[in-house]
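Notes to accompany the following structure.
Proteins get letters first, then strands, A, B, ... in listed order; numbering begins at 1 in each. Atoms considered below: every heavy atom in the structure, side chains included; atoms not considered: hydrogens, waters and symmetry mates.
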Number of protein chains: 2
Amino acid sequence: MEEKIFDSLKLENQICFPLYAASREVVKLYRPHLDALNLTYTQYIAMMVMWEEKQCSVKELGKRLYLDSGTLTPVLKSLEQKGYVRRFRMEDDERVMLTEITDKGEELREKAKEVPPKVGCRFLLSIEDSIELYRLLYTLLGNINGKNASD
Amino acid sequence: MEEKIFDSLKLENQICFPLYAASREVVKLYRPHLDALNLTYTQYIAMMVMWEEKQCSVKELGKRLYLDSGTLTPVLKSLEQKGYVRRFRMEDDERVMLTEITDKGEELREKAKEVPPKVGCRFLLSIEDSIELYRLLYTLLGNINGKNASD
DNA sequence: TATAATTAAATTGAACTCAATTTAATTTGG
DNA sequence: CCAAATTAAATTGAGTTCAATTTAATTATA
């Protein structure tokens, strides 16, 4: 009788792959709705933090979004071009670049409110499954952070 | 008494954001181990399909990986450069570009076998949670595909 | 059978992602 | 106080990622 061996190099036995694929597919669902706001997904989540915080350093934003200045600097410059934020160095510490939301940025929030219901991600999973997925993803993120911190 | 309103524009109320962040963080865990094989994550999952299929068209590969020719063409050219695959047009239908694994590509598999245990993703969640996450991600992927198909 | 429609890859261009390096400002230790 | 270490952003370069377009081959149809 042939022994059945678990092949860790099969795509279907990976947890990382469906995570990677699902992430891109879900972001893709946002695109048509974000196009209407002339925002990319990365710009959109950066604006989400700005709508919450009003003012934020690159470092803080990076911690919230799990992104570094290499990604964020051009994203924030682009949002500045569009007039949604303004950027300036902190007076007390000139190393820190602060990003602050503008009135135009606040106005964008009203239009952006329509995005989540239109994307309708919540219809892709049952309420219970969504809650469970949410819990698992944040557990995973927390464990990765904890693991790296202890390195 | 102040009414508590669910704010769909808060980062913490999104399901997409932790998916996007967790995906990137988990891929990041692979990097040091894949560096040793001189592979990127995208090249690695393409090789996974090649180890399974031996021969594959760009279209088939794209269906497996949820990627299009715009992404795959340079990835496959890079794998060809490294000698892990060879590429040629299908005789019956010259539109189809076939990718075939080489002996060197097969040899790489032996080294690659060490990657999944070294990454140790399985320690980031309990067995039960991993199984549940796996189920939820594939459900999500299936529902997105179904949704788009019916558009 | 010509022509039109379809299909598969490749190309192009804009934007993101990240590691590594650089620059500038601040903090720390001698 | 001053040199060394640290910190925050910006820059650079390689490699995705994707929509849109182009090219070439095949299939369908009038």
Side-chain angles (χ1 to χ4, degrees), chain A residues 17 20-47 56-63 65-82 85 87-99 144 148, chain B residues 17 20-47 56-63 65-82 87-99 148:
Chain A
F17 173 69
Y20 161 83
S23 166
R24 285 183 300 108
E25 291 301 305
V26 174
V27 167
K28 234 179 269 185
L29 293 180
Y30 277 79
R31 204 176 310 275
H33 307 290
L34 292 179
D35 279 351
L37 304 186
N38 188 29
L39 289 180
T40 64
Y41 183 74
T42 314
Q43 290 164 11
Y44 172 65
I45 59 175
M47 285 306 296
C56 198
S57 70
V58 173
K59 185 186 167 69
E60 284 164 350
L61 201 55
K63 200 173 285 180
L65 301 180
Y66 296 83
L67 291 170
D68 70 4
S69 67
T71 302
L72 288 175
T73 296
V75 166
L76 294 172
K77 281 180 177 174
S78 164
L79 290 174
E80 186 178 42
Q81 285 268 287
K82 303 182 210 227
V85 302
R87 277 150 36 89
F88 51 89
R89 295 276 168 181
M90 195 177 170
E91 275 197 20
D92 303 1
D93 187 341
E94 292 276 338
R95 289 173 304 181
V96 177
M97 178 66 86
L98 288 175
T99 302
I144 292 176
N148 288 346
Chain B
F17 172 68
Y20 161 83
S23 167
R24 284 184 300 107
E25 291 300 305
V26 174
V27 168
K28 234 179 271 185
L29 293 180
Y30 278 80
R31 204 177 310 275
H33 307 290
L34 293 179
D35 279 351
L37 303 187
N38 188 29
L39 288 180
T40 64
Y41 183 73
T42 314
Q43 290 164 10
Y44 173 65
I45 59 176
M47 284 306 295
C56 198
S57 70
V58 173
K59 186 187 166 68
E60 284 164 350
L61 201 56
K63 201 173 283 178
L65 301 180
Y66 296 83
L67 291 169
D68 70 4
S69 67
T71 302
L72 287 175
T73 296
V75 166
L76 294 173
K77 281 182 177 173
S78 164
L79 290 174
E80 186 178 41
Q81 285 267 287
K82 302 182 210 224
R87 277 149 38 87
F88 51 90
R89 297 274 168 183
M90 194 177 172
E91 273 196 21
D92 303 2
D93 187 341
E94 292 275 339
R95 288 173 304 181
V96 178
M97 178 66 88
L98 288 175
T99 301
N148 288 345

Atom-to-atom span, CD of E25(B) to P of dT17(C) - whole angstrom: 12 Å
dA19(C) phosphate, OP1 or OP2: any side-chain N/O from R31(B) under 4.0 angstrom? yes
Starting at CG of L67(B) and ending at C1' of dG15(D), how long is that distance when rounded to a whole Å? 13 Å
Distance check needed: dT16(D) P versus Q43(B) CD, whole Å only. 5 Å
Short side-chain to backbone donor-acceptor contact, T40(A) and Q43(A), under 3.5 Å: yes
Spacing of Q81(B) atom CD relative to dA14(D) atom C1', expressed in whole Å: 14 Å
Using modelled atom types and a 3.5 Å cut-off, is there a donor and acceptor pairing between side-chain atoms of R87(B) and backbone atoms of E80(B)? no
What is the distance, to the nearest angstrom, from the CZ atom on R24(B) to the C1' atom on dG15(D)? 16 Å
Side chain of K82(B), backbone of N38(B): donor and acceptor closer than 3.5 Å? yes
Atom OH of Y30(B) and atom P of dC18(C): how far apart are they, to the nearest Å? 16 Å
dA19(D), dA19(C), dT17(D): which one has an atom nearest the side-chain heavy atoms of K28(A)? dA19(D)
dT17(C), OP1 or OP2 - any side-chain N/O from Y20(B) closer than 4.0 Å? yes
How would nucleotides 5-10 of chain D be written as a contact map, 5' to 3', with B for base contact, S for sugar-phosphate-only contact and - for no contact, using protein heavy atoms under 4.0 Å? --BSBB
Using the ring of each side chain (for Trp, its six-membered ring), is F17(A) parallel, tilted or perpendicular to Y66(B), with breaks at 30° and 60°? tilted
Using atom CG of L65(B) as one end and atom C1' of dT17(D) as the other, report the distance to the nearest whole Å. 13 Å
Can you tell me the distance, in whole Å, between the OH atom of Y66(A) and the P atom of dA19(C)? 15 Å
Nucleotide of dT17(C), dC18(D), dA25(C) approaching E94(A) most closely (side-chain heavy atoms): dA25(C)
Tell me which of M90(A) and T40(A) sits closer to the 5' end of DNA chain C, going by the nucleotide each one is nearest to. T40(A)
